[in-house]
Amino acid sequence: MAKHTDYKNKSTKSKDLTPMRLVLYNVRYGTGTGWDYHLPFPFWGCFRKTEDRFWEISDFIAKLNPDIVGLVESDGGSYRQNGASQPAIVASRIGGLPVFACKYHGNSFIAKAPVLRFQGNAVVTKVPPVTYRRRYLSRGMKRAVLEIEYSDFVLFLVHLSLGPGARKAQLEELKDRCAKIEKPIILAGDGNTFGGARELAPLMEAANLKNANAADMPTFPSSYPSFALDFVLYSPGIEMQNFFVPRVSFSDHLPLVCDFSVQKAELLSDAIYATGSIAV
């Protein structure tokens, strides 16, 4: 298993820190929340039009002045958003590149169904990436992993399965994937970890990761937070400087805000950066 290097032991050139802000937010496709979400039948609210509501979300995100945004449960352009991509809307507000991936396996019928094929996760980044790719975990309905490689670190964005058996298998696969990465890592997303921090413990121990939410502040539901479902984990080489959970009710989840620095590696890769919306 690859060991993540403690970059504090590197030369002076590698000790320069680059401050950045990451916002992680499960936005529930901009469909909102509230007592009427399940009326007149369960999950009726997921068919709501979202244009006005998502404008409020994007305005809130823009005011946080993030460098990187991880959007879980974002709409890639369904009728709910009048055909517009929510990640692209956020990118237009903050600048940067939106990278979107449908969260369902590309070979499944779900990934081809109306509305559902636009449901996914996205990273909006003002920091130029070196590469970006989508990977699939082997189990679970939600199985896409967005992997964004930067010159000094790698960001994974995930939305794990509701089923505990599939979720455990997914965490094992993420552990194996983290072991292959030689740069510092940030692993973020909605883990659906109703079992608490103990579900993440094997992954954190094996990959030498820390939890930015050290106090285990709950993030779900936003109306009465009781579970820490959303997480940001990070490896040596990442210095976490500030973390907070804003109490807002745009979604059924609360957002996570992390201010961090990356200890620069001695050799920096040339960044490849393109404008526009990317689906991988």
Side-chain angles (χ1 to χ4, degrees), residues 1-10 14 20 22 24 26 68 70 72 101 103 105 121 123 129-220 227-241 243 245 256 258 260-265:
M1 179 179 295
K3 295 288 186 180
H4 294 302
T5 306
D6 184 349
Y7 284 85
K8 292 181 180 179
N9 296 327
K10 291 282 188 178
S14 67
M20 283 175 273
L22 167 67
L24 172 71
N26 182 327
I68 303 171
V72 179
K103 65 183 183 180
H105 194 285
N121 307 317
V123 171
V130 176
T131 60
Y132 37 81
R133 59 180 63 89
R134 176 188 59 195
R135 299 182 184 275
Y136 288 116
L137 301 171
S138 63
R139 290 189 59 185
M141 183 177 293
K142 301 184 289 286
R143 60 173 71 180
V145 180
L146 269 178
E147 181 177 328
I148 314 295
E149 181 181 357
Y150 297 96
S151 59
D152 300 307
F153 70 103
V154 175
L155 169 68
F156 294 103
L157 182 69
V158 299
H159 188 190
L160 302 184
S161 176
L162 279 168
R167 187 166 64 248
K168 183 177 179 180
Q170 290 177 338
L171 288 168
E172 284 293 318
E173 290 183 48
L174 288 172
K175 181 173 65 177
D176 293 340
R177 182 60 194 155
C178 287
K180 297 177 182 178
I181 304 297
E182 297 184 354
K183 293 181 178 181
I185 289 171
I186 294 178
L187 171 58
D190 175 0
N192 280 315
T193 46
F194 286 95
R198 64 178 177 80
E199 288 196 53
L200 296 175
L203 167 64
M204 293 175 61
E205 182 178 357
N208 195 17
L209 302 176
K210 293 182 179 180
N211 195 335
N213 185 6
D216 206 29
M217 289 183 283
T219 62
F220 177 87
F227 301 95
L229 299 189
D230 307 276
F231 63 86
V232 175
L233 308 180
Y234 63 99
S235 72
I238 306 290
E239 181 180 307
M240 198 59 57
Q241 298 166 329
F243 174 87
V245 179
L256 279 60
C258 304
F260 69 98
S261 295
V262 182
Q263 298 174 15
K264 287 183 176 293

Student: Examine distances only and state if a side-chain atom of Asn211 and a backbone atom of Ala214 form a donor-acceptor pair shorter than 3.5 Å.
Tutor: no
Student: If only side-chain N and O atoms count, and only distance matters, is there a donor-acceptor pair under 3.5 Å linking Glu239 with Ser261?
Tutor: no
Student: Are the side chain of Asn192 and the backbone N or O of Leu160 linked by a donor-acceptor pair below 3.5 Å?
Tutor: yes
Student: Go through Leu256 and Phe243 one step at a time and tell me if the side chain to side chain contact (heavy atoms under 4.5 Å, CB included) criterion holds.
Tutor: CA-CA 7 Å; Leu256 279 60; Phe243 174 87; 3.8 Å; yes
Student: Is there a side-chain contact between Cys258 and Leu24, using heavy atoms and a 4.5 Å cut-off?
Tutor: no
Student: Please give me the minimum heavy-atom distance between Arg177 and Ile181, naming the atom from each residue.
Tutor: O-CG1, 3.5 Å
Student: State the CZ-CG distance between Phe156 and Leu146, to the nearest 0.5 angstrom.
Tutor: 11.0 Å
Student: On a heavy-atom basis, which atom in Pro236 and which in Pro184 lie closest, and how many Å separate them?
Tutor: O-CB, 3.6 Å
Student: For the pair Glu147 (side chain) and Arg135 (backbone), establish whether a donor and an acceptor sit closer than 3.5 Å, ignoring hydrogens and angles.
Tutor: no
Student: Which atom names give the shortest non-hydrogen contact between Asp216 and Ala228, and what distance separates them?
Tutor: OD1-CB, 3.4 Å
Student: I want to check something: taking the side chain as every heavy atom from C-beta on, are Ile68 and Tyr150 in contact at a cut-off of under 4.5 Å?
Tutor: yes
Student: Under a 3.5 Å distance rule, please check whether Lys183 uses its side chain to pair with a backbone N or O of Ser151 as donor and acceptor.
Tutor: yes
Student: Work out which heavy atom in Lys175 is nearest to a heavy atom in Ala206; give both atom names and the distance.
Tutor: CD-CB, 3.0 Å
Student: Tell me the closest heavy-atom pair linking Gly70 and Leu22, and the distance in Å.
Tutor: N-CD1, 4.3 Å
Student: With rounding to the nearest 0.5 angstrom, report the NE2 to CG distance, His159 to Leu229.
Tutor: 8.5 Å
Student: In Å and rounded to the nearest 0.5 Å, what is the CG to CG distance from Leu187 to Leu155?
Tutor: 8.5 Å
Student: If you count the non-hydrogen atoms of other residues, nucleotides and ligands that lie under 6.0 Å from CE in Met217, is the total more than 12?
Tutor: yes
Student: Should the pair Phe220 and Phe227 be assigned to parallel (<30°), tilted (30 to 60°) or perpendicular (>60°) ring geometry?
Tutor: tilted
Student: Can you name the closest pair of heavy atoms from Pro218 and Val245 and give their distance?
Tutor: O-CG1, 4.4 Å
Student: Taking it one step at a time, do Leu233 and Leu203 satisfy side chain to side chain contact (heavy atoms under 4.5 Å, CB included)?
Tutor: CA-CA 10 Å; Leu233 308 180; Leu203 167 64; 4.1 Å; yes
Student: Mind checking whether Val262 and Ile238 have side chains closer than 4.5 Å, heavy atoms only?
Tutor: yes
Student: Are side-chain heavy atoms of Lys142 and Leu162 found at a separation under 4.5 Å?
Tutor: yes
Student: For the atom pair CG (Leu200) and OG1 (Thr193), what is the distance rounded to the nearest 0.5 Å?
Tutor: 5.0 Å
Student: Any chance you could measure Thr219, atom OG1, to Asp190, atom CG, to the nearest 0.5 Å?
Tutor: 7.0 Å
Student: Decide side-chain hydrogen bond (donor to acceptor under 3.5 Å, both in side chains) for Glu173 and Ser138; before the verdict, give the C-alpha distance in whole Å, the side-chain angles of both, and the deciding distance to 0.1 Å.
Tutor: CA-CA 8 Å; Glu173 290 183 48; Ser138 63; 2.3 Å; yes
Student: Determine which pairs satisfy salt bridge (Lys or Arg N to Asp or Glu O under 4.0 Å) with at least one residue from residues 192-202, sequence neighbours left out, and list them in order.
Tutor: Arg167-Glu199
Student: At what distance, to the nearest 0.5 angstrom, does OH of Tyr136 lie from NZ of Lys103?
Tutor: 13.0 Å
